[in-house]
Undergrad: 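Right, I'll just put the structure down here and ask away after.
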Amino acid sequence: QTLEYREATALLPSGVTIMDAVSYYASRRATGATIDDVYHRFMIDKEAAGLRMRSLAALRSQCGQIAKDYHGRALSSITTGDLQVWLARKGHKGQTRDGYRRAWQSLWNYAIRAGHALENPVNGITRLQTDDAEVEIYATESVQKLFAEARSGHKKMIMFLGMGFFAGMRTSEIMELEWKDIQQEYIRVRPEVAKMRRQRLIPIMSPLRDIIEKYGRERTGKICPVR
């Protein structure tokens with residue numbers, strides 16, 4: 001032990017004691033918490049942060065699977081290679097694979113902040129590189145055909161199509177839109193519904209106004225109720 005002490009002391013920079021080195025090592029050591037334990041704490045943290053239900057569901061699926069498969073294993077012991085092998089065995093590719101990578105990135109970043117890991121093995125997984133998809137522009141004839149089909153047998157779709165084509169709203173925003181959000185001159189997209197969590201006011205164009213007046217009957221609850 002005396003020999004080890006002397007050798008260790010010789011390796012330390014001038015002015016640094018053995019106690020300094022031990023304290024530093026202890027402060028840099030991960031807790032050894034299991035991945036399933038960290039996962040559950042991570043989800044509690046995300047729920048408390050107010051993530052939307054669909055975001056929480058995605059994290060439960062993507063992080064929950066890896067936590068289940070590595071049940072009982074210390075999160076800090078899981079390597080980039082382990083994660084890459086897991087993805088390969090599951091056969092995940094493309095956007096699906098990148099979705100897991102992003103979810104795990106969030107899980108390990110939380111673990112680092114909480115002292116359960118010192119580094120993020122997800123950083124070693126190659127990020128998917130894709131070209132921006134070309135925006136599809138509907139021809140006037142195509143739009144007219146969609147509305148004609150809706151009028152002939154799917155009238156519940158008319159409000160949905162109107163909000164999409166004439167207000168430029170996202171599908172997720174339309175599905176959460178309520179009649180109270182439709183004012184005389186504009187549509188209010190609530191912060192909890194908007195993608196960037198910021199309220200938007202969308203002017204009501206003449207074609208959309210005609211649709212609202214003709215097909216908006218109940219005027220309560222959601223404009224596109226799921227039945």
Undergrad: With sequence neighbours left out, what residues match Ser172 under side chain to side chain contact (heavy atoms under 4.5 Å, CB included)?
TA: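 Result, side chain to side chain contact (heavy atoms under 4.5 Å, CB included) vs Ser172: Arg54, Arg170.
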Undergrad: Check step by step if ring-ring contact (aromatic ring centres under 6.0 Å, His included) holds for Trp86 and Tyr100.
TA: CA-CA 11 Å; Trp86 190 94; Tyr100 278 91; 5.5 Å; yes
Undergrad: Taking the side chain as C-beta and beyond, is there a heavy-atom pair between Trp108 and Leu75 under 4.5 Å?
TA: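 Contact flag for Trp108/Leu75 side chains = yes.
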Undergrad: Using modelled atom types only, decide if a donor and an acceptor are shared between the side chain of Asn109 and the backbone of Gln105 within a distance under 3.5 Å.
TA: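 Yes; judged by distance alone, with no hydrogens or angles, the pair exists.
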Undergrad: Please tell me if the side chains of Tyr138 and Lys145 come closer than 4.5 Å, counting only heavy atoms from C-beta onward.
TA: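 No. Closest side-chain heavy atoms not under 4.5 Å.
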Undergrad: Between Arg41 and Asp37, does any NZ, NE, NH1 or NH2 come within less than 4.0 Å of an OD or OE carboxylate oxygen?
TA: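 Yes, Asp37 and Arg41 are salt-bridged.
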Undergrad: Apart from Tyr186 itself, which Ile, Leu, Val, Met, Phe, Trp or Tyr residues share its cluster (side-chain heavy atoms under 4.5 Å, direct or through members)?
TA: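 Tyr186 shares its hydrophobic cluster with Leu201.
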Undergrad: Does the pair Glu178/Arg188 count as a salt bridge with the N-to-O cut at 4.0 Å?
TA: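 The answer is no: the pair does not qualify as a salt bridge.
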Undergrad: Under the salt bridge (Lys or Arg N to Asp or Glu O under 4.0 Å) rule, what pairs show up with a residue in residues 56-65, not counting sequence neighbours?
TA: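 Checked against salt bridge (Lys or Arg N to Asp or Glu O under 4.0 Å) - neighbours excluded - the pairs reaching residues 56-65 are Glu47-Arg60.
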Undergrad: Run the side-chain hydrogen bond (donor to acceptor under 3.5 Å, both in side chains) test against Glu176 and tell me which residues pass, sequence neighbours left out.
TA: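 Checked Glu176 against side-chain hydrogen bond (donor to acceptor under 3.5 Å, both in side chains); matches are Lys222.
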Undergrad: With sequence neighbours left out, write down each residue that passes ring pair (Phe, Tyr, Trp, His ring centres under 6.0 Å) with Phe160, or none if nothing qualifies.
TA: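 In terms of ring pair (Phe, Tyr, Trp, His ring centres under 6.0 Å), with neighbours along the sequence ignored, Phe160 is linked to no residue.
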Undergrad: Do the charged groups of Arg89 and Asp69 touch, with an N to O distance under 4.0 Å?
TA: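 No, this pair does not count.
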Undergrad: State which residues pass ring pair (Phe, Tyr, Trp, His ring centres under 6.0 Å) with Phe42; sequence neighbours excluded, sorted by chain then number.
TA: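 Here the qualifying residues are Tyr110.
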Undergrad: Would Ile182 and Ile204 count as a side-chain contact (heavy atoms from CB on, under 4.5 Å) here? Give the steps.
TA: CA-CA 9 Å; Ile182 301 178; Ile204 298 177; 4.1 Å; yes
